[in-house]
Amino acid sequence: MGAVESRAPAAAAERTSRAGRNLPAAVAVGLTLGGGILLALFTARHVFVGIVAAALAVGTWEFAGALRRGGGITVPVPVLLAGGQAMLWLSWPYGLDGAFVALAVTGLACLVWRFRGGANGYVRDVTAALFVLCYLPLLACFAVALVLPQDGAFRVLAFMVTVVCSDIGGYVAGVLFGRHAMAPTISPKKSWEGFGGSVLLGVAGATAVVVLGLDAPAWIGLLLGGAVVLTATVGDLAESLMKRDLGIKDMGTTLPGHGGLMDRLDSLLPSALVTWCLLTALV
């Protein structure tokens with residue numbers, strides 16, 4: 001019995017990589033999600049809107065729970081879920097104008113919903129609710145905006161491939177060569193060597209999709225790759241700070257090997273905004 005017990009921690013340690021992930025589970029989940037997104041993009045690309053909407057609902061639920069567990073902050077989850085969905089779906093027929101109108105209406109609803117809780121913590125809770133609206137559904141609307149043009153499948157592909165390549169490049173380079181901490185007080189496992197790997201693979205992935213999929217010059221891919229790697233890294237570090245402030249390890253447990261879904265959306269959300277801005281302006 002003792003031998004069995006001693007082998008169990010060792011087996012768990014083998015499954016957990018130096019970067020703190022259960023690597024087989026993380027790879028399996030990543031391939032499943034990626035395959036589903038690719039199937040949607042190249043069969044009926046507007047199904048991607050539904051995928052974003054589902055991810056947003058789960059992420060909002062997780063983030064609200066993290067605020068409650070770690071900070072004792074109560075946000076109006078029903079209002080945020082309904083308003084977030086309204087922002088996404090209205091941005092399909094009406095563009096970003098529809099998203100901003102829904103944002104304003106949902107913000108007012110958050111103010112009113114919190115009346116019943118009285119004055120104690122009112123500013124704190126309402127501010128947190130407005131932050132959730134801007135951090136999740138508003139940024140997610142730019143992912144929806146990417147898929148709407150005729151070449152939207154490749155615009156989304158450029159966005160997704162760049163973020164994924166940044167993550168893989170950073171992970172591999174960090175595990176193999178990581179020596180110099182990038183932000184030790186925020187995310188001790190991030191290294192400058194890992195960031196270099198993110199830049200190399202992220203730029204390569206972005207350039208390949210921009211040139212082959214969007215028939216655009218290579219320099220746009222270089223610019224997009226560098227910008228998205230930067231925003232993905234900033235998004236990851238920002239969420240690390242949020243989790244440290246709240247005193248939690250993961251936002252949730254939705255995805256085996258990854259933590260919560262919010263632990264994957266942290267780099268995707270700001271990158272969607274930057275990708276939309278650059279591709280709208282340059283392609």
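Here, residue 1 is the first one in the sequence, and each next residue gets the next number. Any value given below was found using the heavy atoms of this structure, including those in side chains, with hydrogens, waters and symmetry copies removed.
Side-chain contact between L39 and V47 is absent, with no heavy atoms from C-beta onward closer than 4.5 Å. Taking the side chain as every heavy atom from C-beta outward, V147 and L41 approach each other to under 4.5 Å.
Among pairs with a residue in residues 208-221, none fulfils salt bridge (Lys or Arg N to Asp or Glu O under 4.0 Å), at least two apart in sequence or across chains. The salt bridge (Lys or Arg N to Asp or Glu O under 4.0 Å) contacts involving residues 151-165 comprise D151-R155, where partners must be two or more places apart or lie in separate chains.
Under the side-chain contact (heavy atoms from CB on, under 4.5 Å) criterion, S271 pairs with F159, V163, V228, T231, A232, sequence neighbours left out. Partners of W61 by ring pair (Phe, Tyr, Trp, His ring centres under 6.0 Å), not counting sequence neighbours: none found. Listed by chain and number, the residues in a ring pair (Phe, Tyr, Trp, His ring centres under 6.0 Å) with F154 are F42 (sequence neighbours excluded). For W89, the ring pair (Phe, Tyr, Trp, His ring centres under 6.0 Å) criterion is met by no residue, not counting sequence neighbours. T74 pairs by the side chain to side chain donor-acceptor pair (under 3.5 Å) definition with nothing, not counting sequence neighbours. A search for salt bridge (Lys or Arg N to Asp or Glu O under 4.0 Å) contacts involving R114 returns D125, not counting sequence neighbours. Shown here are the side chain to side chain donor-acceptor pair (under 3.5 Å) partners of H180, two or more places apart in sequence or in another chain: E193. Here P217 pairs with W219, I220 under the side-chain contact (heavy atoms from CB on, under 4.5 Å) rule; sequence neighbours left out. Every residue meeting the ring pair (Phe, Tyr, Trp, His ring centres under 6.0 Å) condition with Y135, not counting sequence neighbours, appears here in chain and number order: F63, F131.
Atom CG of residue D263 and atom CD of residue E62 lie 7.0 Å apart, to the nearest 0.5 angstrom.
Across every non-hydrogen atom of L237 and A183, the tightest pair is CD2-CB, 4.2 Å. The two residues G225 and V203 make their nearest non-hydrogen contact at C-CG2, 3.8 Å.
Side chain of T207 to main chain of A204: no donor-acceptor pair is present (N/O by atom type, distance under 3.5 Å, no hydrogens or angles).
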Per-pair distances, 0.1 Å, donor-acceptor, side chain in residues 93-112, under 3.5 Å, sequence neighbours excluded:
unit_1 : atom_1 : unit_2 : atom_2 : d
T106   : OG1    : A102   : O      : 2.7

